[in-house]
2 protein chains.
Amino acid sequence: MADLKRRNTRQKDAVRHALGEAIGFVSAQQLHLVLKNHGSTIGLATVYRALADLAEAGEADPLQSKDGELLYRACTTSHHHHLICRACGKTVEIEADRVEKWADEVASEHGFTQPSHTIDIFGTCSACQ
Amino acid sequence: MADLKRRNTRQKDAVRHALGEAIGFVSAQQLHLVLKNHGSTIGLATVYRALADLAEAGEADPLQSKDGELLYRACTTSHHHHLICRACGKTVEIEADRVEKWADEVASEHGFTQPSHTIDIFGTCSACQ
DNA sequence: AGGCTTATTGAGAACGATTGTCAATAACTG
DNA sequence: CAGTTATTGACAATCGTTCTCAATAAGCCT
C-alpha cells in the first residue's frame, strides 16, 4: 500500500477530469458513458479501477446509493459530509465539526478505536418540493 | 401502499424470528442459510421479500455494508443509530438526539424538507484490537 | 366446513453492478 | 532506444438482488 508504483496515464487523467466536471455524485457507469460519448475508448473496468484509486488517494468521495450503486464525487477539500436531494441529486457540502467530535467520543466511550463514520443527510431541496 | 393486503405466513414469521435471534446485522443470504440449516424449505427470494416488508413496516433496520451488501437487524425501539465493529460486526445502539437535531437543522437551513439521515460509526472494538 | 379469490411462495432464470482474466499496450527506467 | 512491467480494454465470471410463473395456501364468504 505504501510502495505501489503508480503510473500516470491519460485514462486516469480523463477520469479525474470527467469527475471534476460532473455535478454531484456520479456512478462509474455514467462516467464511462460520458467518456465514451466524448470519443474516448476507455474501458469500463478501467473507469472502475481509476475511481477506486482516486478514492483511496483521497481525491474522490465515495457514497453508497440507496440501491447499492457506488457513486463518486470529486473531493476538493478535507473531510466533510453531504446534504443530498432525494429528487434531483443536488448536493451541498456541509461542515460537521461538532458531529465529528461526537462520533469520535461515542466510539471511544464504547472502547472502539480507529473511528470512522458515515453521515449523510437526505431531503427534498427547495426546487423539488 | 396504504391498502395493500398483507397475509400472515409462516415464512414471514420465520424470517422475523430468525432476524430476532441474530446478533448484529445479517444479510438476506445469511438468514436464508440459517433457515435452511434449521430445516426450512424457504426460498431465497422469499427471504428478500420478507426482509423488505419488515424494513418497510419498521420492524427491521436496513444498512448498506461497505461492499454493497444490504444488511438487516431486528429493530426494537424507535429511531437510533449504530456503532459497528469493522472486524467482528458487533453492534452497539446509540442515542443521538443532539445529532438528530443537528441534521434536521442543517437540512432546513439549506431549504431541504423531509429530512432523513444515515449516521453510522465504524471502529475496531476492544475485543478485536 | 367447503369453495373461491388472489396474495404469497419457491425454483430458477434474468439482471445489473462490479471484479477478474489475460494478451496487448505503453510508461517509466537506465 | 530497448527492456521491464504497470496498465489497459474486451470479455467472461461473480455476486447480490429482483423477476417470472406455475403451484400453493390465506383469508373471506356462504
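These numbers come from a predicted model, not from an experiment. Values below: all heavy atoms of this structure, side chains included; hydrogens, waters and symmetry mates excluded. The chains referred to below are lettered A, B, ... by the order of the sequence lines, with proteins before strands, and numbering in each begins at 1.
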Over-ring placement of K66(A) relative to F122(A), 6.0 Å and 45° cut-offs: yes

Nearest-angstrom distance from the residue atom NE2 of H32(B) to P of dT18(D): 15 Å

Atom pair distance, as rounded to whole Å: CG in D13(A) and P in dA27(C): 11 Å

Donor-acceptor pair present, R7(B) side chain and dT6(C) base, under 3.5 Å: yes

Proximity to the side chain of T41(A) - top-ranked nucleotide from dG9(D), dT18(C), dG10(C): dG9(D)

Out of dT17(D), dA26(D), dT18(C), whichever nucleotide has its closest atom nearest the side chain of R10(B): dA26(D)

Expected output: side-chain H32(A) to main-chain I42(A) donor-acceptor under 3.5 Å: yes

Sugar-phosphate only, base, or nothing, as touched by L70(B) at under 4.0 Å among non-hydrogen atoms: sugar-phosphate

Side-chain donor or acceptor of E21(A) paired with backbone N/O of H17(A) under 3.5 Å: no

Rounded interatomic separation in angstrom, taking CZ from R6(B) and P from dT8(C): 6 Å

Nucleotide dC28(D), atom C1' - distance to CG of N8(B) in whole Å: 15 Å

Integer-rounded Å distance: dT25(C) C1' and I42(A) CD1: 14 Å

Side chain of Q11(A) - closest among dT8(D), dT17(D), dG10(C): dT8(D)

Sugar-phosphate, base or nothing in reach of T9(B), heavy atoms under 4.0 Å: sugar-phosphate

Atom-to-atom span, CD of E69(A) to P of dT18(D) - whole angstrom: 13 Å

Minimum side-chain heavy-atom gap H81(A)-I121(A) below 4.5 Å: no

Sugar-phosphate, base or nothing in reach of D67(B), heavy atoms under 4.0 Å: nothing

Sugar-phosphate only, base, or nothing, as touched by S27(A) at under 4.0 Å among non-hydrogen atoms: nothing

Distance test, side-chain N/O of Y48(B) to OP1/OP2 of dT18(D), below 4.0 Å: no

Distance below 4.0 Å between T46(B) side-chain N/O and dG10(C) OP1 or OP2: yes

For atom NZ of K66(B) and atom P of dC15(D), their distance in whole Å: 22 Å

Short N-O contact, R73(B) and E93(B), less than 4.0 angstrom: yes

Along DNA chain D (nearest heavy atom to each residue), the more 5'-positioned of A45(B) and A45(A): A45(A)

Atom-to-atom span, CG of L44(B) to P of dT18(D) - whole angstrom: 10 Å

R49(A) (side chain) and dG9(D) (base): donor-acceptor pair under 3.5 Å: yes

